[in-house]
2 protein chains.
Amino acid sequence: MQLDASGLQVLTREECLDLLSSTPIGRIVFTDRALPAVQPVNFYLDGQSIVIRTSIGSKLAAATRRAVVAFEADEFDPELRTGWSVTAVGQAREVTDPDEIAWLAALPLTTWAPGSRDHYIVIEAEHISGRRITTHSTGATTPQRAQG
Amino acid sequence: MQLDASGLQVLTREECLDLLSSTPIGRIVFTDRALPAVQPVNFYLDGQSIVIRTSIGSKLAAATRRAVVAFEADEFDPELRTGWSVTAVGQAREVTDPDEIAWLAALPLTTWAPGSRDHYIVIEAEHISGRRITTHSTGATTPQRAQG
């Protein structure tokens, strides 16, 4: 188990992708009028691509057009004080090809927010990294996940 | 109930601060070597100040020094497809005044990650905004929070 400078467990790329597939909500991090911005979104991981639906006139669509963005998902347990976090960084692109739109429209990607969302943004996860806090992140080796 | 262009309920500043007080984890959004970056952190809301502990040599400490950052917290229920999100934007500052450090050290701010974290970063929430997705965010008016 590899630990980083803060004593957190470093996740492999494969673990990161598995965890990203396990959750329906992530946060897209971008720049909006020169200020840092962040917005929770429903997403679907299609291979190594993060797929997001929005409306074409949205702030998100405008701000992410041809931009490098970060995308983060996590899950924490306040009682156990454990959890994981995965961050992907990559180029966001709007999807305009009709064949690709048809492909994306068939994915099991549902959005919880109301309104029409027929505009797709895809983030290619070029860099991906993740960390896990276990109750023994300081280095003790008692297995934590064998009790469920 | 005010709705935004996406049909989400717009939260008041007071509601945003109440929700921020209710959760121990948020995400700090900053720029790291010209790229968007995001990191989950434990925090404590002291009035309108978001207080974070880190180590002085951390990437977070270096990247947020005198920077404008965003800070986001949220909570979602995947079964009900409801939830809220609050984002604050403001200047981050490292705390160097010994009296202020003593004040902050007495706050009930615990960090889950291991390691020494005796360096404080404070973000003054200059702009704060929040949204809520209810099961009736499209505009129906059945109260959703009166059943608990």
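Values reported hereafter were calculated over all heavy atoms of this structure, with side chains retained and with hydrogens, waters and symmetry mates removed. Model, not experiment: these values are computed from the prediction.
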Check B:V89 against A:P36 and note the closest heavy-atom contact, atom names and distance. CG2-O, 4.2 Å
Is the shortest heavy-atom distance from the side chain of A:T54 to the side chain of B:S6 under 4.5 Å? no
Might you point out which heavy atoms bring A:A37 and B:V29 nearest each other, and give the distance in Å? O-CG1, 4.1 Å
Does any part of the side chain of A:F76, heavy atoms only, come nearer than 4.5 Å to the side chain of B:P24, both counted from C-beta? no
List in chain and number order the residues that pass ring pair (Phe, Tyr, Trp, His ring centres under 6.0 Å) with B:F30, two or more places apart in sequence or in another chain; answer none if no residue qualifies. none
Heavy-atom proximity to chain B below 4.5 Å, by part of A:R27: side chain
Do B:L8 and A:P114 come close enough that some side-chain heavy atom pair is under 4.5 Å? yes
Can you say whether B:R117 sits under 4.5 Å from chain A via the side chain, the backbone, both, or neither, judging by heavy atoms? side chain
Side chain, backbone, both or neither: which part of B:A113 has a non-hydrogen atom closer than 4.5 Å to chain A? both
Tell me, side chain or backbone of B:T87 under 4.5 Å from chain A's heavy atoms, or both, or neither? side chain
With only heavy atoms counted, which part of B:D77 is less than 4.5 Å from chain A, the side chain, the backbone, both or neither? backbone
Side chains of A:V38 and B:V38: closer than 4.5 Å at any heavy-atom pair? no
When clusters are formed by joining ILVMFWY residues with side-chain heavy atoms under 4.5 Å apart, either directly or through shared neighbours, do A:I128 and A:I50 land in the same one? yes
Which bit of B:S58 comes within less than 4.5 Å of chain A, counting heavy atoms only: side chain, backbone, both or neither? neither
Taking the side chain as every heavy atom from C-beta outward, state whether A:P40 and B:E72 have any pair of such atoms under 4.5 Å apart. yes
Report yes if the side chains of B:N42 and A:R81 come closer than 4.5 Å at any heavy-atom pair, otherwise no. no
Hydrophobic cluster identity match, A:L45 and A:I52, side-chain contacts under 4.5 Å: yes
